[in-house]
Amino acid sequence: LFAALSIVFMLTSGFGCSGTSSTAPKAAGDPAALVGTSWLDPGSNTVYTFKDGATLEVKLSAAPQPVQGPYSVENGVISGATGMQSFDGTWDGKSVTMRGKALTKQ
């Protein structure tokens with residue numbers, strides 16, 4: 001089941017082990033301000049929820065269950081992984097991007 005979810009996740013969200021590396025935003029946001037927030041990628045209908053200071057939950061519209069994994073924010077750059085999928089993004093204190101896509105706060 002996990003392998004199937006990983007494949008669905010990769011195909012629908014564009015995540016993969018390879019990808020572009022995010023560049024730090026001009027002004028980095030406080031990582032603590034992400035805790036408890038959720039963000040939607042409208043293109044893939046994927047919701048990213050920053051559960052705490054170290055755990056990100058990713059819910060795909062096509063997946064029955066969300067997946068969780070560790071993340072970190074350093075100088076405004078978000079990086080981490082859920083299962084076998086790596087991700088990167090940015091946080092400037094107001095907006096989140098993941099893999100180059102602007103997310104909408106929920």
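- G43 approaches D41 most closely through the heavy-atom pair N-OD1, 3.0 Å.
- Within a 6.0 Å sphere centred on CD of Q106, other residues, nucleotides and ligands contribute more than 12 heavy atoms.
- The only option from T90, V73, D88 that meets the side-chain contact (heavy atoms from CB on, under 4.5 Å) definition with I78 turns out to be V73.
- The CG atom of L34 sits 11.0 Å away from atom OG1 of T49, with the distance rounded to the nearest 0.5 Å.
- The nearest pair of heavy atoms linking P66 to E57 is CB-CG, 3.5 Å.
- Atom OG1 of residue T55 and atom CD of residue Q68 lie 6.0 Å apart, to the nearest 0.5 angstrom.
- Heavy atoms only, all atoms of each residue included: P42 and A102 are closest at CD-O, 4.1 Å.
- Within the 4.5 Å cutoff, no side-chain heavy atoms of T46 are placed close to those of K101.
- The distance from the NZ atom of K105 to the NZ atom of K94 is 12.0 Å, given to the nearest 0.5 Å.
- Distance OH/Y48 to OG/S38: 12.5 Å, rounded to 0.5 Å.
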side-chain contact (heavy atoms from CB on, under 4.5 Å), that's the test. Do V58 and V47 meet it? Break it down for me. CA-CA 6 Å; V58 181; V47 177; over 6 Å; no
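- Note on F50 and V67: same hydrophobic cluster, where clusters join Ile, Leu, Val, Met, Phe, Trp and Tyr whose side-chain heavy atoms are under 4.5 Å apart, directly or indirectly.
- By the criterion of side-chain heavy atoms lying less than 4.5 angstrom apart, applied directly or through intervening Ile, Leu, Val, Met, Phe, Trp or Tyr residues, F87 is grouped together with V35 in one hydrophobic cluster.
- Side-chain contact between W39 and W91 is present, with at least one heavy-atom pair separated by less than 4.5 Å.
- The structure places OG1 of T37 at 10.0 Å from CG of L103, a figure rounded to the nearest 0.5 Å.
- Here the OG atom belonging to S79 is positioned 11.0 Å from the CG atom belonging to L56, to the nearest 0.5 angstrom.
- Residues N45 and S61 come closest through the heavy atom pair ND2-CB, 3.3 Å.
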